[in-house]
Amino acid sequence: MNQQPLLEVNNLSTHFHTERGDVTAVNNVSFTINKGEIIGIVGESGCGKSVMSQSILRILEHTDPISYKGEVLFEGQDLLKQPLNKLQKIRGNDISIIFQDPLSSLNPVYTIGNQIIEVLRLHRKLSKKEAKRKAIELLQLTGIPSPKVRINNYPHELSGGMQQRAMIAIALACEPKLLIADEPTTALDVTIQAQILELIVEINQKLGMAVLFITHDLGVVSEICTSVKVMYLGEIVEETVTESLFETPLHPYTRGLIQSIPRLDANRNEKLHVIDGVVPSLTNVPKCCRFSTRCPYVTELCRTEEPPMIEANEKHKVKCFHYKEIQQKEGRTQ
Ligand SMILES: Nc1ncnc2c1ncn2[C@@H]1O[C@H](COP(=O)(O)OP(=O)(O)O)[C@@H](O)[C@H]1O
Ligand SMILES: [Mg+2]
């Protein structure tokens, strides 16, 4: 019997209504996450990763005139149709989100202990004493040393890595079924980054929590994700299991991203590959293939028609007319 996916996003589009007109930051995105799965979303800055992930919980509508199309089914119920009070019960209870900048989510006037305890009392109805014990346990789980002392610290008293751990502790306080991690390690140095990734995998294994891991760094994806979606200009352009993405990337954009990963064994004089050009502005989206303005393999067809999402095989989909020829011509990237 097929299990119901934990999250099923169907044809999600997110439109901002700006003074200069409407822009579509997320266009027709579909994917599913099963219980306990770690899925990666990658793409350069400005490709719509954050808007897409925040659309799932409708976080942006507090500040921006916005509208959605499509469905975001969480355990079968459409979050886009829920009244806000119902959605608030899901946020932080069933789905938690962590951001790149921990200080934007931590409250500077409360100790980290109080912030975790508040979540536990509100969402899990624990007594003060139980909540404190659980808060210490969570800080310990996230690898914060001397949690009994640290619980009394204010955010500014912690290092960046510790703040990120504290934010993860808050996000985990309710044992969410899904953690959305939006570039949680981008602002950290590599050692701390590795520790936070390890922590996320450990918690995923211990609690069976699914993770939607968003990053611009393909290297990070290869370490923790079972499958990956590549986003470009608001759309998913390639999706497959992580191994295939690195072994046989099919979209020219993905090839470019992989070639841009710095390699330890690279010749010192070798220049790091960069993808030519920049992500076009949302007010100027090509009506054909969205990557056509930057693609080294572009043809007239790409400049006139939008490619469909093509099923290259059971586990691999790509939005490119020419993926077969490119693969035959260029072979593997590694
Ligand atoms: N409030 C907003 N109003 C209009 N456009 C926005 C707003 N927020 C984000 N965008 C646009 O949406 C696009 C995607 O942004 P974002 O999701 O933050 O990219 P990423 O997370 O992949 O770097 C960008 O072009 C950005 O300028
Ligand atoms: Mg972002």
Side-chain angles (χ1 to χ4, degrees), residues 9 11-31 39-70 72 79-80 95-105 160 164 167-168 171 179-188 193 196-197 200 211-221 224-225 228-239 245 251 253-254 256-258 260-261 274-275 277-287 290-294 319:
V9 175
N11 305 105
L12 172 68
S13 296
T14 305
H15 313 281
F16 287 109
H17 308 294
T18 72
E19 280 166 12
R20 290 189 298 151
D22 290 357
V23 292
T24 303
V26 174
N27 192 40
N28 232 350
V29 163
S30 301
F31 63 92
I39 298 236
I41 306 265
V42 288
E44 291 160 290
S45 186
C47 280
K49 305 180 299 295
S50 294
V51 172
M52 192 279 288
S53 58
Q54 292 182 26
S55 298
I56 292 173
L57 285 175
R58 287 163 50 198
I59 291 173
L60 297 156
E61 64 196 41
H62 293 297
T63 46
D64 299 299
I66 198 169
S67 61
Y68 310 99
K69 281 206 190 90
V72 176
L79 301 186
L80 297 183
I95 308 179
S96 282
I97 183 160
I98 52 176
F99 301 99
Q100 179 175 339
D101 172 17
L103 280 185
S104 65
S105 314
Q164 199 62 310
M167 191 168 71
I168 294 176
L179 175 71
I180 300 175
D182 188 358
E183 309 240 14
T185 61
T186 302
L188 304 174
Q193 172 170 315
I196 299 281
L197 292 181
I200 290 177
V211 182
L212 181 63
F213 196 94
I214 292 144
T215 175
H216 65 271
D217 184 346
L218 261 178
V220 170
V221 161
I224 69 166
C225 300
V228 193
K229 326 271 167 212
V230 180
M231 260 187 108
Y232 185 74
L233 199 49
E235 293 186 341
I236 294 178
V237 295
E238 179 160 9
E239 55 185 318
L245 192 86
H251 200 287
Y253 180 56
T254 315
L257 288 178
I258 292 177
S260 315
I261 302 174
V274 281
I275 303 173
V278 289
V279 183
S281 137
L282 287 180
T283 51
N284 195 17
V285 174
K287 294 211 163 48
R290 293 188 172 208
F291 190 55
S292 60
T293 55
R294 302 172 72 191
K319 210 167 183 261

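Atoms within a ligand are numbered from 1 in the order they appear, just like the ligands themselves.
Annotation: Phe16 places no N or O atom under 3.5 Å from an N or O atom of ligand 1; distance criterion only.
At least one protein heavy atom sits closer than 4.0 Å to atom 9 (C) of ligand 1. Distances from atom 27 (O) of ligand 1 to the protein include no heavy-atom value under 4.0 Å.
At a threshold of 4.5 Å between non-hydrogen side-chain atoms, the residues Leu218 and Leu245 count as touching. Residues Glu235 and Val285 form no side-chain contact, since every pair of their non-hydrogen atoms from C-beta on lies 4.5 Å or further apart. The shortest side-chain heavy-atom distance between Ile56 and Ile180 falls under the 4.5 Å cut-off. Pro184 is not listed as a side-chain neighbour of Ile168, based on a closest heavy-atom distance of 4.5 Å or more.
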| task | Using the side chain to side chain contact (heavy atoms under 4.5 Å, CB included) rule, take Leu233 and Tyr253 through it: C-alpha gap first, then chi angles, then the decisive distance, then the call. | result | CA-CA 11 Å; Leu233 199 49; Tyr253 180 56; over 6 Å; no
| Would Phe291 and Val237 count as a side chain to side chain contact (heavy atoms under 4.5 Å, CB included) if you check the C-alpha gap in whole Å, the side-chain angles of each, and the deciding distance to 0.1 Å? | CA-CA 9 Å; Phe291 190 55; Val237 295; over 6 Å; no
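What sits closest to atom 18 (O) of ligand 1 on the protein, heavy atoms only, is Ser50 CB, 3.8 Å. Given atom 15 (O) of ligand 1, the protein heavy atom at minimum distance is Val51 CG2, 3.9 Å.
Atoms of ligand 1 found under 4.0 Å from any heavy atom of Cys47, numbered from 1 in the order shown, are 19 (O), 20 (P), 22 (O). Residue contact check: Glu44 has heavy atoms under 4.0 Å from atoms 22 (O) of ligand 1. Each of the atoms 12 (O) of ligand 1 lies under 4.0 Å from some heavy atom of Ala25. Atoms of ligand 1 lying under 4.0 Å from at least one heavy atom of Ser45, given by number and element, are 23 (O).
Distance alone, capped at 3.5 Å, is enough to place a donor-acceptor pair between the Arg58 side chain and the Leu79 backbone.
At a 4.0 Å cut-off, not a single heavy atom of Glu183 sits close enough to ligand 1 to count as contact.
Phe16 pairs in a side chain to side chain contact (heavy atoms under 4.5 Å, CB included) with only one of the listed residues (Asp22, Ile66, Thr24, Val26), which is Ile66.
Considering Thr14, Thr18, Leu282 only, the shortest heavy-atom separation from atom 11 (C) of ligand 1 involves Leu282. The heavy atom nearest to atom 20 (P) of ligand 1, out of those in Gly43, Gly234, Gly46, is found in Gly46.
Counting backbone and side-chain atoms alike, Ser45 contributes no N/O/S atom closer than 2.8 Å to the Mg ion (ligand 2).
Ring centers of His251 and Tyr232: at least 6.0 Å apart, outside the cut-off.
With a 4.0 Å heavy-atom cut-off, ligand 1 is reached by no atom of Met231.
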